[in-house]
Amino acid sequence: MLILNKIDESLFPFHEFAVNHVEVGIHAVDKNGQTVIYNEKMKVIEGLALEDVGDRSILELFNFEQEESTLLKVLQSEIIQLNVKQTYWNRNGTEITTINDTFPIYHDGELIGAMELARDVTALEKYVLQPFRKNSDPVTFNRIIADSSSMKAVISTAKKAARAKLPVLLIGETGTGKDLIAESIHNEFSPSNGLFYTLFCHSSDPLLIDRLIDDLSDIDSVTLFCERVDLLSIPLQQELLSILVKLGARDRQFMASIGDDPVELIASGALLKDLYYFFSSFTIRVPPLRKRKEDISPFISTYLVGRSDRFGSALQGITTEVEQLFLGYHWPGNVRELEFLLNEVTSLATTEIVITYDMLPLHFRMKSGDMTDETIQAADFIIQPDKELLPLDQFLHEAEVYYLHKAMKLHNDNVTKTANTLGMSRQNLQYRLRKIKK
């Protein structure tokens, strides 16, 4: 637990025990948005190390705008927020959904900060929310929207994996649809390979593997999909590998997904090498949405048709301005972020026929404006006598933005390679990238 401000140190052991043994995440910030309390449960929910949060504000840690953060809402309004569902991405690109109760904190009548109590519903949301699908039927390959050549290649390889019934490793960022590829492999042949069982590995709960054993011990025909196995602790990965070996193949299909390059994950100690070897008979890389933007328009068209069929929505398309904005946006949350955005827009629409720029949420317009700004050129950093000099801080900030963007593009957005080239740690580069995107 991280507690930066202590009032009575003699009570610290009691505070520490209580905070770290409750089944809710606790995150408290001071009036400047800096973290002062961050408990072990919140660490499990958000996948961050304690040292990552001590000197950073909320906006530097997570991918959401200020108006979307319940903690910052309470800081600004001093109004309690109860049972608020919040979906966001942490600095490592992991999607998180929580139900939050957030309270202003006072001392001697003066606001000193805010505290949030968070209940993790990430796994539950994955059960009830089925994004990327053309309808609510079981996912098969012909129901996954894939107009780009890269996604067509993914599906072609996945069909080969389905025929071979060998272990499969799906590699890709959060929100790219790895879970749907896995389910499509399972449903490729009729009848399907029995039960489709997803092990959500975003939690470091030591009982996770025990539940897996209980659930599968009496089932012979099953597809086991270990979603984001790289988020498990190494001891739990070792335990999982032991169980998989004991279960054996028989009528069982084993699949797993990870969120980054396996070589980098193994080198950083986040992925057990033997577990990687177990799943890597078929390795399928699912590209991020920013590298397959041909899929954006077909996805939107199919989404709006489905929305019309289910809810009678009048929306039929998007304006050219919105299309260009979507094509220029980076989509850090990939297709899942696009669907969440469409959900937000269409839920507020009434008689509109097309989605216009003004219908987009303010937080998205702000993010997309920042991330698609290509107006800065190298020549802007050359001091010329006929130009007015910028303040030094502004000049250095713009130079850093330009240089980091160019460096990332040079290395195909690979953070590790870019960090090595720039002579900094991966974590430091990620922090700087988050900072310049605010």
Side-chain angles (χ1 to χ4, degrees), residues 122-124 126-128 130 132-133 137-144 154-172 176-259 262 265-266 270-286:
T122 306
L124 178 61
K126 292 179 183 296
Y127 278 118
V128 299
Q130 300 292 340
F132 318 108
R133 301 185 181 190
D137 294 337
V139 176
T140 56
F141 290 119
N142 67 339
R143 296 188 183 280
I144 296 177
V154 164
I155 291 177
S156 175
T157 305
K159 288 181 177 180
K160 295 176 183 177
R163 290 191 292 271
K165 289 195 174 181
L166 292 172
V168 177
L169 182 67
L170 296 159
I171 304 171
T176 50
K178 302 183 294 296
D179 54 335
L180 301 184
I181 299 296
E183 192 173 343
S184 296
I185 292 174
H186 170 76
N187 290 323
E188 173 65 357
F189 299 107
S190 182
S192 62
N193 191 28
L195 173 70
F196 184 81
Y197 185 102
T198 301
L199 180 69
F200 295 106
C201 301
H202 70 282
S203 169
S204 295
D205 183 356
L207 299 178
L208 197 66
I209 305 302
D210 293 337
R211 288 196 294 268
L212 174 65
I213 297 172
D214 292 340
D215 290 344
L216 299 186
S217 57
D218 297 326
I219 301 176
D220 291 328
S221 182
V222 64
T223 295
L224 172 62
F225 175 50
C226 302
E227 185 180 78
R228 288 305 302 271
V229 70
D230 53 312
L231 298 181
L232 286 178
S233 65
I234 291 298
L236 282 183
Q237 290 186 36
Q238 292 171 331
E239 194 173 347
L240 173 62
L241 177 60
S242 176
I243 296 302
L244 294 175
V245 172
K246 288 180 181 178
L247 285 173
R250 288 193 286 174
D251 256 349
R252 297 184 175 110
Q253 167 91 53
F254 297 125
M255 291 183 277
S257 67
I258 57 177
L265 291 172
I266 292 170
L271 179 63
L272 185 67
K273 183 186 295 186
D274 289 341
L275 189 61
Y276 162 69
Y277 288 144
F278 178 88
F279 283 112
S280 61
S281 297
F282 269 86
T283 299
I284 302 174
R285 295 178 181 269
V286 185

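All values reported here derive from a predicted model rather than from experimental measurement.
Atom CD in Glu183 sits 7.5 Å away from atom OG1 in Thr198 (nearest 0.5 Å). Here the CG-CZ distance, from Leu180 to Phe141, works out to 11.0 Å after rounding to the nearest 0.5 Å. The CG atom of Leu271 lies 9.0 Å from the OH atom of Tyr276; values are rounded to the nearest 0.5 Å. Between the SG atom in Cys226 and the CG atom in Leu170 there is a gap of 11.5 Å [rounded to 0.5 Å]. Atoms CG and CE, on Asp179 and Met255 in that order, are 10.5 Å from each other to the nearest 0.5 Å. Between atom CG of residue Leu199 and atom CZ of residue Phe225 there is a gap of 10.0 Å, rounded to the nearest 0.5 Å.
Residues Ile185 and Ala161 share a closest heavy-atom pair of CD1-CB, 4.4 Å. Nearest heavy atom pair, residue Leu231 against residue Cys201, reads CB-O, 3.4 Å. Across Leu272 and Leu241, no two heavy atoms sit closer than the pair CD2-CD2, 4.2 Å. Closest heavy-atom contact between Arg228 and Ser257: N-OG, 2.8 Å. Counting all heavy atoms, side chain and backbone alike, His186 lies closest to Thr223 at ND1-OG1, 2.7 Å. Contact between Val229 and Leu240 at its shortest, heavy atoms only, is CG2-CD2, 3.7 Å.
A donor-acceptor pair under 3.5 Å is absent between the side-chain atoms of Glu188 and the main chain of Lys159, judged by distance alone.
When side chains are defined from C-beta on, Gln238 does not count as touching Ser242, because their heavy atoms never get closer than 4.5 Å. At least one side-chain heavy atom of Val168 sits under 4.5 Å from a side-chain heavy atom of Gln253. In this structure, the side chains of Leu224 and Arg252 stay at 4.5 Å or more apart for every pair of heavy atoms. Proximity of Lys178 to Ile181: side-chain heavy atoms (C-beta onward) are nowhere separated by under 4.5 Å.
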As a quick check of understanding, evaluate side-chain contact (heavy atoms from CB on, under 4.5 Å) for Leu244 and Leu275, giving each step before the final call.
CA-CA 10 Å; Leu244 294 175; Leu275 189 61; 4.2 Å; yes

Show the numbers, then the answer: is there a side-chain contact (heavy atoms from CB on, under 4.5 Å) between Asn187 and Phe196?
CA-CA 9 Å; Asn187 290 323; Phe196 184 81; over 6 Å; no

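Residue Phe254 is tested with Phe279, Tyr197, Phe278 for a ring-ring contact (aromatic ring centres under 6.0 Å, His included); the sole match is Phe278.
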